[in-house]
Amino acid sequence: MTRAEAQDKLKKYGQEHVLKYFDELAEDEQRSLLTQIEETDLSVLSHISEAGKGGERGEFSPLAAMQLSEIEKRKTEFHDAGVAAIREGKTAARLLAGGMGTRLGSDNPKGMYNIGETKEVFIFQRIIENLLDVVNETDTWIRLFVMTSEKNHDATVKFLEEKDYFGYKKECVTFFKQSMAPACDYEGKLYMESKGRISTSPNGNAGWYSSMAAVGLDKVLQDEGIEWIDVFAVDNVLQRICDPCFVGATVLAGVSVGAKVVKKAARDEKVGVICLEDGRPSIVEYYELSDEMMDAKDEAGEPAYNYGVILNYLFHVPELAAVTDDRMPLHVVEKKIPYIDQDANLIKPSEPNGYKFEQLVLDMIHQLDTCLPYEVVREHEFAPIKNPTGIDSVESARELCKKNGIQL
Ligand code: UTP
């Protein structure tokens with residue numbers, strides 16, 4: 001893209017300030033900025049008026065979860081089916097580690113955070129140890145795909161190399177980067193992170209399949225006969241991945257996706273609830289739940305919207321090709337965005353100062369035909385780390401780890 005073309009594009013979106021320091025830049029920096037302007041989708045900026053809103057939704061109805069009592073009754077059947085699928089190499093794991101972890105406030109990738117008290121226990125280590133439990137039980141190495149982003153890729157790879165993948169087989173780990181989206185202030189003006197670079201951030205955790213496909217990894221899934229892929233977040237340190245019962249229950253149910261869910265702790269708990277929307281699987285956000293929905297009961301007299309998602313899904317690979325990014329809503333999220341001020345000094349704000357644009361994995365569920373909500377015990381499988389202290393924090397996750405006999 002030439003400077004004149006870049007100027008035209010920026011003018012169209014009212015972003016001419018991006019070229020303010022152009023003449024001061026070295027030639028390679030100029031080229032790199034022009035490429036960034038060319039590659040960045042600025043049309044997302046028109047969505048800022050939707051910030052904090054959920055967008056148009058359809059008609060919600062309940063979707064029954066497979067509860068612990070049924071899972072317990074059919075444990076052997078599920079377990080055997082899961083072990084078989086894993087031993088046949090049909091199952092892979094997908095770690096979502098492209099996020100910035102801004103709430104945690106560490107400059108490193110979230111997985112590098114040490115939650116240990118008397119020894120080092122890194123978040124990545126906890127996840128790999130949990131996956132190793134399944135590897136050891138089934139005597140099968142499970143393919144692990146790690147999605148990073150431009151911002152944390154090198155640090156993530158270097159760290160896992162240094163730690164010798166915490167005992168995982170290196171050849172079974174594949175990294176790839178997700179795409180980026182621009183970040184802007186509350187008026188929709190792009191932030192600059194340096195004189196020659198627009199501030200960008202990872203474009204949300206839904207991009208995992210298209211980002212995999214963009215680097216040809218969908219072909220790898222096909223060639224290796226991988227039929228199921230367990231997609232999970234980096235920040236849940238009790239996360240069980242590809243556990244045979246979950247895999248078996250999902251495979252036997254013949255659904256497009258299995259979703260791990262936990263029983264809500266309160267009727268208004270701040271968690272996305274699994275349900276149907278216009279007859280298709282979906283997730284209703286806590287702020288979208290009406291009083292009527294919170295009080296609705298199922299046939300057994302239990303709350304009808306009672307199961308929250310924990311960002312652990314087992315997707316049926318053949319059905320993913322039909323999932324497209326452009327049918328998913330764009331979430332406009334308030335975040336802390338580092339930027340250069342009028343005098344080109346880099347500012348790292350301590351409070352949110354603008355918007356990022358993300359597509360979320362939960363919106364993928366709505367594009368699929370069928371879903372099995374699979375109940376797990378919250379205290380055993382859900383210890384998310386979002387903040388340093390308080391709810392969903394390093395503190396709360398430490399407590400839960402200890403309750404599960406994990407030495408810190
Ligand atoms: P969160 O929504 O908690 O976001 O991610 P985050 O970026 O890690 O943290 P904050 O909001 O800045 O504090 C949930 C999961 O989705 C992944 C994260 O790495 C985490 O595993 N994720 C999030 C991505 O892989 N890419 C993204 O663009 C966003």
Side-chain angles (χ1 to χ4, degrees), residues 41 44 52 93-113 122-124 126-128 130-131 144-153 155-156 159-160 175-183 199-212 214 229-239 241 260 270-272 283 285-286 308-313 325 328-338 348-365 382-394 396-397:
D41 176 9
V44 295
R94 251 311 269 100
L95 167 59
L96 299 170
M100 304 276 284
T102 46
R103 283 170 284 176
L104 194 54
S106 158
D107 285 337
N108 285 328
K110 217 183 219 183
M112 284 174 64
Y113 200 89
F122 300 96
I123 294 181
F124 278 138
R126 280 269 59 258
I127 282 171
I128 290 176
N130 282 353
L131 188 55
L144 172 61
F145 296 96
V146 180
M147 185 171 82
T148 59
S149 77
E150 188 184 292
K151 305 266 174 184
N152 67 15
H153 181 83
T156 302
F159 179 74
L160 287 172
F175 297 93
F176 66 99
K177 293 183 206 171
Q178 71 173 105
S179 313
M180 305 294 281
S199 296
T200 57
S201 70
N203 66 347
N205 53 27
W208 69 269
Y209 187 68
S210 51
S211 304
M212 268 181 111
I229 186 154
D230 192 340
V231 174
F232 62 97
V234 69
D235 46 26
N236 175 6
V237 287
L238 288 180
Q239 189 91 259
I241 309 131
K260 286 202 181 184
K270 290 186 176 171
V271 60
I283 285 129
E285 296 290 357
Y286 68 92
V309 286
I310 62 167
L311 222 177
N312 188 325
Y313 301 101
D325 290 358
M328 272 186 275
L330 196 63
H331 296 259
V332 185
V333 201
E334 247 193 294
K335 295 258 177 162
K336 297 177 214 165
I337 304 155
K348 289 188 173 182
S350 54
E351 293 301 320
N353 61 331
Y355 299 124
K356 292 183 177 180
F357 301 88
E358 298 185 337
Q359 286 187 318
L360 302 182
V361 74
L362 53 86
D363 291 313
M364 291 177 76
I365 307 302
F382 192 42
I385 296 181
K386 304 286 184 194
N387 308 295
T389 54
I391 295 172
D392 294 345
S393 67
V394 178
S396 59

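Read the numbers this way: they start at 1 and go in the same order the structure lists the ligands and their atoms.
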### Query
Is the shortest N/O to N/O distance between V234 and ligand 1 below 3.5 Å?
yes
### Query
At a non-hydrogen distance cut-off of under 4.0 Å, which region of A97 contacts ligand 1 (side chain, backbone, both, or neither)?
backbone
### Message
Can you confirm, on distance only, whether ligand 1 has an N/O atom lying under 3.5 Å from any N/O atom belonging to L311?
### Response
no
### Task
Taking only heavy atoms of K335 into account, list the atoms of ligand 1 that are under 4.0 Å away from them.
10 (P), 11 (O), 12 (O)
### Message
Please list, in number order, the atoms of ligand 1 under 4.0 Å from a heavy atom of A233.
### Response
15 (C), 21 (O)
### Query
For ligand 1, which atoms, with element, lie under 4.0 Å from some heavy atom of M147?
25 (O)
### Message
Please tell me whether N312 and Q239 have a donor and an acceptor in their side chains that are separated by less than 3.5 angstrom.
### Response
yes
### Query
Is R94 salt-bridged to D230, going by a charged N under 4.0 Å from an acidic O?
no
### Query
Do any nitrogen or oxygen atoms of G99 come within less than 3.5 Å of a nitrogen or oxygen of ligand 1?
yes
### F175 ring center within less than 6.0 Å of F145 ring center
no
### Message
Is there a polar contact, in the sense of an N or O pair closer than 3.5 Å, between G204 and ligand 1?
### Response
yes
### Query
Any N/O of E358 closer than 3.5 Å to an N/O of ligand 1?
no
